[in-house]
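What follows is a set of notes on a single structure, which appears directly below.
Sequential numbering from 1 along the given sequence is applied to the chain's residues.
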Amino acid sequence: MRVLVIEDERGLAAAVARGLGEEGFTVDVVHDGADGLWNAVNEPYDAIVLDIMLPGLSGYEVVRRLRAARVWTPVLMLTAKDGEYDEADALDLGADDYLRKPSSYVVLVAHLRALLRRGAPARPAVLATGDLSLDPARRRCHRAGQEVALTAREFALLEFLMRHRGEVVGKTDILTHVWDENFDGDTNIVEVYIGYLRRKIDTPFGRRTIETVRGAGYRLLSAAE
């Protein structure tokens, strides 16, 4: 398996490369964010180990640009930053895993092997169908190039529908994931919020994105439909 290590601390990078090499990985090392991005886009890797604090481009920007370029190579962030928001930002921008320095080779290799088992399916940080897009990290929604203001609940409902695009989802599933598994109010609240969404993302743009499937639930239509 071929791994790209993007780490500006040369001693640490060499140690990581040596440790991974002893575990049977083929390792390329780059010390700059811009160079790392070029390698990640233009060379075939099975996984990427990426520091956050880098010269040239930060690790955040590297992973953001990778996903924008539709490069889905699994990314493990390896960093000395230990804030919970740092981890959340990395994952929201498209990283697949996050380890704090110092971390043992045993743990690092275990995380890499877990990433490799998952493969590299498409998992965009920004959800999109046709001219409708939703950015969960930045909490922004756009349709036909225009920003659409959504409440927190409307945003959560649309995100759930977009993550299950093309699937019929019932009221119970929606209530469990968007409200709370212990919600005991009127289930018609789902219909109310579906109506709110339609009036914001469909009606003003002459679209029909959310389909009611009688007796079953709702389905977010793909662009082709």
Side-chain angles (χ1 to χ4, degrees), residues 1-128 133-140 142 159 162-163:
M1 292 294 181
R2 188 180 182 194
V3 176
L4 173 65
V5 175
I6 308 175
E7 168 62 66
D8 66 326
E9 295 182 37
R10 292 176 181 266
L12 176 60
V16 170
R18 184 169 57 253
L20 292 178
E22 291 173 355
E23 293 292 333
F25 292 91
T26 298
V27 184
D28 292 340
V29 176
V30 185
H31 304 294
D32 175 274
D35 291 340
L37 177 64
W38 189 94
N39 277 50
V41 170
N42 293 284
E43 297 289 338
Y45 291 101
D46 297 292
I48 298 169
V49 176
L50 176 64
D51 188 17
I52 289 180
M53 304 301 290
L54 291 166
L57 292 174
S58 72
Y60 293 134
E61 186 63 15
V62 170
V63 75
R64 187 192 71 78
R65 294 193 190 187
L66 276 179
R67 299 316 186 215
R70 306 187 68 79
V71 175
W72 309 116
T73 308
V75 173
L76 169 62
M77 299 294 255
L78 184 63
T79 177
K81 295 173 73 68
D82 60 1
E84 60 184 16
Y85 291 105
D86 298 313
E87 181 174 354
D89 287 343
L91 297 174
D92 278 339
L93 287 169
D96 300 277
D97 201 355
Y98 189 101
L99 271 180
R100 294 180 178 89
K101 304 174 188 174
S103 181
S104 73
Y105 292 122
V106 172
V107 173
L108 174 60
V109 169
H111 278 253
L112 279 176
R113 294 201 186 283
L115 288 182
L116 293 169
R117 285 196 298 271
R118 296 175 207 163
R123 48 195 181 284
V126 177
L127 307 174
S133 66
L134 197 73
D135 186 338
R138 293 177 173 80
R139 311 299 296 176
R140 300 181 73 178
H142 289 84
E159 180 177 356
M162 292 189 77
R163 290 191 184 280

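Of all the heavy atoms in Ala47 and Leu116, the pair that sits closest is CB-CD2, 4.1 Å. What you find for Glu9 and Glu7 is that their closest heavy atoms are N-OE2, 2.9 Å. Counting all heavy atoms, side chain and backbone alike, His31 lies closest to Arg10 at CD2-NH1, 3.0 Å. In this structure, Ala90 and Tyr60 approach most closely via the heavy-atom pair N-CE2, 3.8 Å. What you find for Arg2 and Asp28 is that their closest heavy atoms are NH2-OD2, 2.7 Å. Nearest heavy-atom pair across Pro74 and Asp46 is CD-O, 3.4 Å.
Within the 4.5 Å cutoff, side-chain heavy atoms of Ile48 are placed close to those of Leu66. Two residues are said to be in side-chain contact when any heavy atoms from C-beta on lie closer than 4.5 Å; Val75 and Val62 fail this criterion. Contact of the Val71 side chain with the Tyr45 side chain is not registered, since no non-hydrogen atoms from C-beta on lie closer than 4.5 Å. No side-chain heavy atom of Asp51 sits less than 4.5 Å from a side-chain heavy atom of Leu12. Counting heavy atoms from C-beta on, the side chains of Leu99 and His111 come closer than 4.5 Å. Using a 4.5 Å heavy-atom threshold, the side chains of Val109 and Leu20 count as touching. Put simply, the side chain of Val49 reaches to within 4.5 Å of the side chain of Leu112, judged on heavy atoms.
The CD1 atom of Ile52 sits 12.0 Å away from atom CG of Asp8, with the distance rounded to the nearest 0.5 Å. Here the CG atom belonging to Leu50 is positioned 10.0 Å from the CG atom belonging to Leu37, to the nearest 0.5 angstrom. The CD1 atom of Ile6 sits 7.5 Å away from atom CG of Asn39, with the distance rounded to the nearest 0.5 Å. Here the straight-line distance linking atom CZ of Phe25 with atom CG of Leu108 works out to 8.0 Å at 0.5 Å rounding. Between the CE atom in Met77 and the CG atom in Asp97 there is a gap of 11.0 Å [rounded to 0.5 Å]. Rounded to the nearest 0.5 angstrom, Met162 CE and Ser133 OG are separated by 7.0 Å.
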_Applying side-chain contact (heavy atoms from CB on, under 4.5 Å) to Asp32 and Leu54, what does each step give before you reach the verdict?_
CA-CA 6 Å; Asp32 175 274; Leu54 291 166; over 6 Å; no
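Judged as a side chain to side chain donor-acceptor pair (under 3.5 Å), and not counting sequence neighbours, the contacts of Arg163 are Glu159.
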